[in-house]
J.: 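Let me give you the structure first, and then I'll get to my questions.
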Amino acid sequence: QVQLVESGGGLVQAGGSLRLSCAASGRTFSLYKMGWFRQAPGKEREFVAAISRSGSSTYYADSVKGRFTISRDNAKNTAYLEMNNLKPEDTAVYYCAADLAILLKTTTSNYDYWGQGTQVTVSS
């Protein structure tokens with residue numbers, strides 16, 4: 001198993017930037033593909049970005065493409081989500097997730113391990 005803890009959320013003005021971190025502990029981090037999801041009040045949890053075990057492949061939701069960057073540092077057991085040009089509609093609780101399967105997936109059911117989430121609020 002792997003345990004995940006997100007950090008880096010906060011309040012930012014529209015157009016600003018934040019960097020989220022997801023620290024992993026437990027089983028070898030490099031065995032897991034990683035994903036970021038978000039959930040706004042009253043809405044379902046939605047896919048944001050995913051990264052392969054080595055970091056060589058990434059995939060993004062259309063809504064964040066060109067603004068967000070997912071990355072990982074396997075030596076530090078940490079995944080990141082760099083968020084630029086933030087918009088009020090990016091306001092949500094952001095979750096990182098991990099899974100042992102190789103293929104990058106965009107649905108919550110394809111990830112077995114989840115962090116507790118970190119709040120991101122973007123003011124207009």
J.: Just verifying a value: how many Å separate Ser25 OG and Leu4 CG, rounded to the nearest 0.5 Å?
T.: 7.5 Å

J.: Between Glu6 and Cys22 (side chain of the first, backbone of the second, donor and acceptor by atom type, cut-off under 3.5 Å), is there such a pair?
T.: no

J.: The test is side chain to side chain contact (heavy atoms under 4.5 Å, CB included); show your working for Arg72 and Phe29 and say whether it passes.
T.: CA-CA 10 Å; Arg72 65 190 297 160; Phe29 179 64; 3.3 Å; yes

J.: Of all heavy-atom pairs between Thr91 and Ala40, which one has the smallest distance, and what is that distance?
T.: O-CB, 3.7 Å

J.: Do Ser17 and Asn84 pair up side chain to side chain, a donor and an acceptor below 3.5 Å, judged on atom types alone?
T.: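 Yes.
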
J.: Does the side chain of Ile51 come within less than 4.5 Å of Leu104's, by heavy atoms?
T.: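 No. Closest side-chain heavy atoms not under 4.5 Å.
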
J.: First locate atom OG1 of Thr108, then atom CG of Asp99, and finally report the distance between them rounded to the nearest 0.5 Å.
T.: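 It comes to 11.5 Å.
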
J.: Determine whether Tyr94 and Tyr80 fall in the same hydrophobic cluster, where Ile, Leu, Val, Met, Phe, Trp and Tyr are linked whenever their side-chain heavy atoms lie under 4.5 Å apart.
T.: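 The answer is no; the residues belong to distinct hydrophobic clusters.
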
J.: Assess whether side chain to side chain contact (heavy atoms under 4.5 Å, CB included) is satisfied between Gln119 and Thr121, documenting all intermediate values.
T.: CA-CA 6 Å; Gln119 176 71 47; Thr121 303; 3.3 Å; yes

J.: Return yes when atom NZ of Lys43 has more than 12 non-hydrogen atoms of other residues, nucleotides or ligands closer than 6.0 Å, and no otherwise.
T.: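 It does not: Lys43 NZ has 12 such atoms or fewer within range.
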
J.: What is the minimum heavy-atom distance between Ser63 and Arg38, and which atoms define it?
T.: OG-NH2, 3.5 Å

J.: Taking the ring centre of each residue, are Phe47 and Trp36 less than 6.0 Å apart?
T.: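 Not under 6.0 Å, so no.
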
J.: Would you name the heavy atoms of Tyr111 and Gly35 that are closest together and state the gap between them?
T.: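 The answer is CE2-N, 3.7 Å.
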
J.: Is Lys33 reaching over with its side chain to a backbone N or O of Leu100, donor-acceptor style, under 3.5 angstrom?
T.: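 No.
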
J.: Taking atom CG of Asp90 and atom CE of Met83, what is their separation to the nearest 0.5 Å?
T.: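 Between atom CG of Asp90 and atom CE of Met83 there are 7.5 Å.
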
J.: Indicate the atoms forming the closest heavy-atom contact of Thr78 with Lys76, along with that distance.
T.: OG1-O, 2.8 Å

J.: Tell me whether Ser52 contacts the main-chain N or O of Ser57 through its side chain, where contact means a donor paired with an acceptor under 3.5 Å.
T.: yes

J.: Do Arg45 and Tyr95 meet the cation-pi criteria used here (NZ or CZ under 6.0 Å from the six-membered ring centre, within 45° of the axis)?
T.: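 Cation-pi check for Arg45 and Tyr95: passes.
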
J.: Looking at every heavy atom in both Ser124 and Ala14, which two are closest together, and how far apart are they?
T.: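 Ser124 and Ala14 have their closest heavy atoms at CA-CB, 4.3 Å.
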
J.: Classify the side-chain pair Ser30/Thr28 by whether it contains a donor and acceptor separated by less than 3.5 Å.
T.: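 Distance-only check fails for Ser30 and Thr28.
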
J.: Does the cation-pi check pass for Arg53 over Tyr32, that is, NZ or CZ under 6.0 Å from the six-membered ring centre and within 45° of its axis?
T.: no

J.: Applying side chain to side chain contact (heavy atoms under 4.5 Å, CB included), run through Tyr60 and Ile70 and close with a yes or a no.
T.: CA-CA 8 Å; Tyr60 297 92; Ile70 188 171; 3.4 Å; yes

J.: For the pair Thr118 and Val93, evaluate side chain to side chain contact (heavy atoms under 4.5 Å, CB included) and give the outcome as yes or no after the intermediate values.
T.: CA-CA 5 Å; Thr118 185; Val93 177; 6.0 Å; no

J.: Are Val122 and Leu11 co-members of a hydrophobic cluster defined by side-chain heavy atoms under 4.5 Å apart?
T.: no

J.: Taking Phe37 as the starting point, is it possible to reach Phe68 by hopping between hydrophobic residues whose side chains are less than 4.5 Å apart?
T.: no

J.: Tell me whether the count of non-hydrogen atoms from other residues, nucleotides or ligands lying under 6.0 Å of CD in Gln116 goes above 12.
T.: yes

J.: In Å, rounded to the nearest 0.5 Å, how long is the span from CD of Glu89 to CG of Leu86?
T.: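 It is 10.0 Å, given to the nearest 0.5 Å.
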
J.: Is it the case that one hydrophobic cluster holds both Val64 and Val12, taking links as side-chain heavy atoms less than 4.5 Å apart, direct or via other members?
T.: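 Yes; Val12 is reachable from Val64 via cluster members.
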
J.: Near Tyr113 OH, under 6.0 Å, is it more than 12 heavy atoms from other residues, nucleotides or ligands?
T.: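 Enclosed.
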
J.: Taking all heavy atoms of Arg67 and all of Asn85, pick out the closest pair and write down the distance.
T.: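 Nearest heavy atoms, Arg67 then Asn85: NH1-O, 3.0 Å.
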
